[in-house]
> 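Have a look at this one.
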There are 2 protein chains.
Amino acid sequence: MSPPTVAARSDGAQARERLLYAALRLFAASGFERTSVRDIAQAAGANVSAVGYYFGDKAGLYRAAFFEPLGDHCQGEMPAPGTVPLPDLMHGFFRDLLKPLKQGEAVQQVIRLHFREIVEPTGLWKEMIENELRPQHEGLVRVLCAEFGLRKADMELQRLTFAIIGMGIHFFVAQDIVQALAPEVMEGPGAIDALADRLAEGALAMIEAERRRRAAQPRPARRRSTR
Amino acid sequence: MSPPTVAARSDGAQARERLLYAALRLFAASGFERTSVRDIAQAAGANVSAVGYYFGDKAGLYRAAFFEPLGDHCQGEMPAPGTVPLPDLMHGFFRDLLKPLKQGEAVQQVIRLHFREIVEPTGLWKEMIENELRPQHEGLVRVLCAEFGLRKADMELQRLTFAIIGMGIHFFVAQDIVQALAPEVMEGPGAIDALADRLAEGALAMIEAERRRRAAQPRPARRRSTR
DNA sequence: TTTGACTTCAAACAGTTGTTTGAATAAGGT
DNA sequence: ACCTTATTCAAACAACTGTTTGAAGTCAAA
């Protein structure tokens, strides 16, 4: 058997990187359990033991694939309430939220890993909720509170927040379904931007409806006294 | 014979049922790959080989757990356009959609299995899309087409449909997230009904907004007749 | 050239997986 | 009583899992 085509000593960390991205691709495609380190090593053109060498173990490799490629891709911070008109804010929000759908394959795969974590938790998901989902959710909650003049979010506002975010999230979770039922909806960057704008307008309509509902309805019972 | 016709043994098909529901519970909790037939058999108080005996193999058991417990729990059919006022229709739609969230544990676990299938396909998901998701989606598309006087759904209408359904779906997919961020939103049947009503109102607001958008906007460019 | 740290590799390890086997047990029909 | 059929069981099977091993290789500095 002739030696493998890859250079035997190919500058150290190259193998690590190949491993990382092969792992990202395979984990995103098939999940943690269905992906074996042997498959990853083979796809990366590296030896099985290289994953032990560079990442400790399979879980370490998964963790690296989960966090590293995203780099400093910080979630778009929500502007402080009042500094930006609500329509602009919502449009910006959905543009940011859906941005990964337009980006490179690697980012999309990371996103896919993150959503996979929701359904098939490997242990990183608590960390993910606190670091990614909670700030995003509470950012929007804060904005809506200011919008309705609330000091503290009530249940209706929480519902509204989940509904608004859920509209966006759905296009990540259900990528394959959209693909099967109406592929044109997500084809090309233009379609994504248009989608973000429509979702923003939809969210604004929902917020307006909620505002009317609150105006029409008598003051909800206050469980806590003022402090 | 694979299907045991008569219970020769007192516990006969009981073992099959115990196996089925233990499998449902464990598959829903941990997914296909992370669940071993040994664990299932032990949880069911049956022997490992009983799964081979009753279901052929692990995949057969999974399939049975996936389809059987739902029984005739048909998805609520969408009424023909025009027979029901839109607000009632949307309220009914979300009540039906969220109904499983109030139902027994078994149904919820099946639902969880179904959503798991979206992210971690085991091969049943094509079948699922065609039998469950497509009819639901196209039912709503048909209603909205009638609402806007369209012969055929355009991309905007597809977007709107996904956004509306996505709001509801999100509360299945992200049950754990809701639990972590604002548990009161989904606590108790009353909360679910209220949630369904709010989502319906939100959807109606979005539909109204879209109607206005269509009215305000010049006729969408028709590509085919130009030139 | 020799040294020594860094990197690769094939092989082996120990454990778990889904599945099969063949004997043992129970119930009914004759 | 017998025979047949249905069901259970412990054990064994082969294949695969993630991980470790120890030797071999590569390269830069001494």
Side-chain angles (χ1 to χ4, degrees), chain A residues 1-27 29-66 113 120 122-124, chain B residues 1-27 29-66 113 120 122-124:
Chain A
M1 227 7 138
S2 63
T5 55
V6 289
R9 162 71 183 235
S10 53
D11 194 17
Q14 270 192 4
R16 200 196 114 101
E17 189 151 330
R18 288 205 311 274
L19 232 24
L20 188 80
Y21 284 97
L24 174 56
R25 185 160 47 84
L26 295 183
F27 280 143
S30 313
F32 184 79
E33 304 288 338
R34 295 172 78 99
T35 307
S36 76
V37 290
R38 283 180 171 81
D39 286 347
I40 295 171
Q42 183 173 3
N47 190 274
V48 234
S49 56
V51 2
Y53 182 72
Y54 286 110
F55 302 96
D57 57 2
K58 183 187 181 182
L61 174 54
Y62 179 80
R63 187 186 187 82
F66 195 89
L113 264 197
E120 194 88 27
T122 67
L124 299 183
Chain B
M1 287 201 187
S2 36
T5 51
V6 194
R9 184 83 155 257
S10 60
D11 28 2
Q14 275 189 4
R16 198 195 115 103
E17 189 151 329
R18 287 205 312 276
L19 232 26
L20 189 80
Y21 284 98
L24 174 56
R25 185 160 48 84
L26 295 183
F27 280 143
S30 313
F32 184 79
E33 305 288 338
R34 294 172 79 99
T35 307
S36 76
V37 289
R38 281 181 173 80
D39 287 347
I40 296 171
Q42 183 173 3
N47 191 274
V48 234
S49 56
V51 3
Y53 182 73
Y54 285 110
F55 302 97
D57 57 2
K58 184 187 181 183
L61 174 55
Y62 180 80
R63 188 186 187 82
F66 195 88
L113 263 198
E120 195 86 26
T122 67
L124 300 183

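As a basis for the values below, the full set of heavy atoms in this structure was taken, side chains included, without hydrogen atoms, waters or symmetry mates. Each chain gets a letter, A, B and so on, in the order the sequences are listed, and its residues count up from 1.
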> Starting at atom CD of Gln42(A), determine the distance to atom P of dG18(D), rounded to an integer number of angstrom.
14 Å
> In dot-bracket, 5' to 3', how would DNA chain C read with Watson-Crick or G-U wobble pairs under 3.5 Å, [ ] for crossing ones and | for pairs to another strand?
||||||||||||||||||||||||||||..
> Among Val51(B), Val48(B), Thr35(B), Leu24(B), exactly one meets side chain to side chain contact (heavy atoms under 4.5 Å, CB included) together with Ile40(B). Which residue is that?
Thr35(B)
> What's the spacing between Leu20(A) CG and Phe55(A) CZ if we round to 0.5 Å?
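So the CG of Leu20(A) and the CZ of Phe55(A) are separated by 5.0 Å.
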> Quickly work out the Tyr53(A) OH to dA23(D) P distance and round it to whole Å.
17 Å
> Starting at CZ of Arg38(B), measure out to CG of Asn47(B) and round the result to the nearest 0.5 Å.
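If we round to the nearest 0.5 Å, Arg38(B):CZ and Asn47(B):CG are 10.0 Å apart.
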> Within 45 degrees of the ring normal and closer than 6.0 Å to the centroid, is that where the cationic atom of Lys58(B) sits relative to Phe27(B)?
no
> Give, for atom CD of Glu17(A) and atom OH of Tyr54(A), the distance between the pair rounded to the nearest 0.5 Å.
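Reported value, rounded in 0.5 Å steps: 11.5 Å.
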> How does protein contact run along nucleotides 13-20 of chain C, one letter per nucleotide 5' to 3', with B for base contact, S for sugar-phosphate only, - for none, heavy atoms under 4.0 Å?
----BBBB
> Look only at the side chain of Ser36(A) and the backbone of Asp39(A), and say whether a donor-acceptor pair between them is shorter than 3.5 Å.
yes
> Can you give me the closest heavy-atom contact between Arg25(B) and Ala43(B), atom names plus distance?
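Nearest heavy atoms, Arg25(B) then Ala43(B): NH2-CB, 4.0 Å.
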> Distance check needed: dG18(D) P versus Phe55(A) CZ, whole Å only.
15 Å
> Can you tell me the distance, in whole Å, between the CG atom of Leu19(A) and the C1' atom of dT19(D)?
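Rounded to whole Å, this separation is 14 Å.
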> Working to the nearest 0.5 angstrom, can you tell me the gap between Leu61(A) CG and Arg16(A) CZ?
9.0 Å
